[in-house]
Amino acid sequence: MMDQNFNNKKPDISADKEVVDTSRRKFLRNTGIATGGVVGGAVLGGLLANPFKSHEPATTMATEHPEPINYAESLTFFRRQKDFDALSAATEVIYPEDANGPGAIALGVPYFIDKQLASPWGSNADDYRKPPFKNGQTPLTRGDIFLQGVRKLNEISENEHEVLFKDLEEDKQFAVLERFMKGEVEMNLVISAEFFALLKSSTLAGCYADPLYGGNKDMAGWKMKEYPGSQMSYIDMIEADEFILIEPRSVGGHKH
């Protein structure tokens, strides 16, 4: 069973900042929780005079520099967009954007979780998987639990509110997740509280893990906590009397 005493709220950067969303604050307090015609046209243009054709020099494609594709934001585990959308919305409830900084979605947490589930961690490759299962154990993998969990989120939302989980109002999203946290949702071969605990811990991991693993985009999670990340040495500042704010650095940010 999960530990319901969660104390992973964002750092309070300024005492003067107010939390705007009171319903969100209430939820966080109660639960403890701190996305052929080209060829044909070219031939005809060469055979027939085109009165609309410009005589200005054409710009070649070689001079254009399209934006590079961000492969970090591509799905490797989830195959249905609405499953991934439900996951994204749930992570944002657990770690919302507020006056202190970005939320789970802006930090890339949903893609972090997607890639973790596609890894050996998601298939429990390093765990002992032989029956009999007892004392709350389950034959399901983490990937199985996540898929069943996010689909339950949508199932409850559609049955009770006729919309997907991502389209629910925030207070209704909070209420649905609270039912999972309390183990009140019927799931196969696993209790819903286990899914919620896994969702919560994975969300926080994505907020604060090294960006090398796909979350903590732009190291914004570290910046909110003033965490320096992966520094090679502190020898030039270790004896300083006052706190020194260091620009964080990712493992992948070191030059070789």
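- Side-chain atoms of L147 and F77, non-hydrogen and from C-beta on, do get closer than 4.5 Å to each other.
- Summarising the local packing, CD1 of I238 is surrounded by 12 or fewer heavy atoms from other residues, nucleotides or ligands at distances under 6.0 Å.
- Partners of K172 by side chain to side chain donor-acceptor pair (under 3.5 Å), not counting sequence neighbours, listed by chain and number: E169.
- Side-chain contact between R151 and K82 is absent, with no heavy atoms from C-beta onward closer than 4.5 Å.
- Linking ILVMFWY residues whenever their side-chain heavy atoms come closer than 4.5 Å, directly or via other members, places I156 and V163 in the same cluster.
- In this structure, the ring of Y111 has its center less than 6.0 angstrom from the ring center of F84.
- Looking only at side-chain heavy atoms (C-beta outward), L117 and F78 come within less than 4.5 Å of each other.
- When F174, F196, F165, F195 are each tested for a ring pair (Phe, Tyr, Trp, His ring centres under 6.0 Å) with F180, only one passes: F195.
- Side chains of S250 and D210: a donor on one and an acceptor on the other come within 3.5 Å.
- One side chain, T141 or D144, offers a donor N or O that lies under 3.5 Å from an acceptor on the other.
- In the hydrophobic clustering of this structure, L164 does not group with L199; members are Ile, Leu, Val, Met, Phe, Trp, Tyr whose side-chain heavy atoms approach within less than 4.5 Å, directly or through other members.
- By the rule that hydrophobic residues join a cluster once side-chain heavy atoms approach within less than 4.5 Å of another member, I145 and F133 end up as members of separate clusters.
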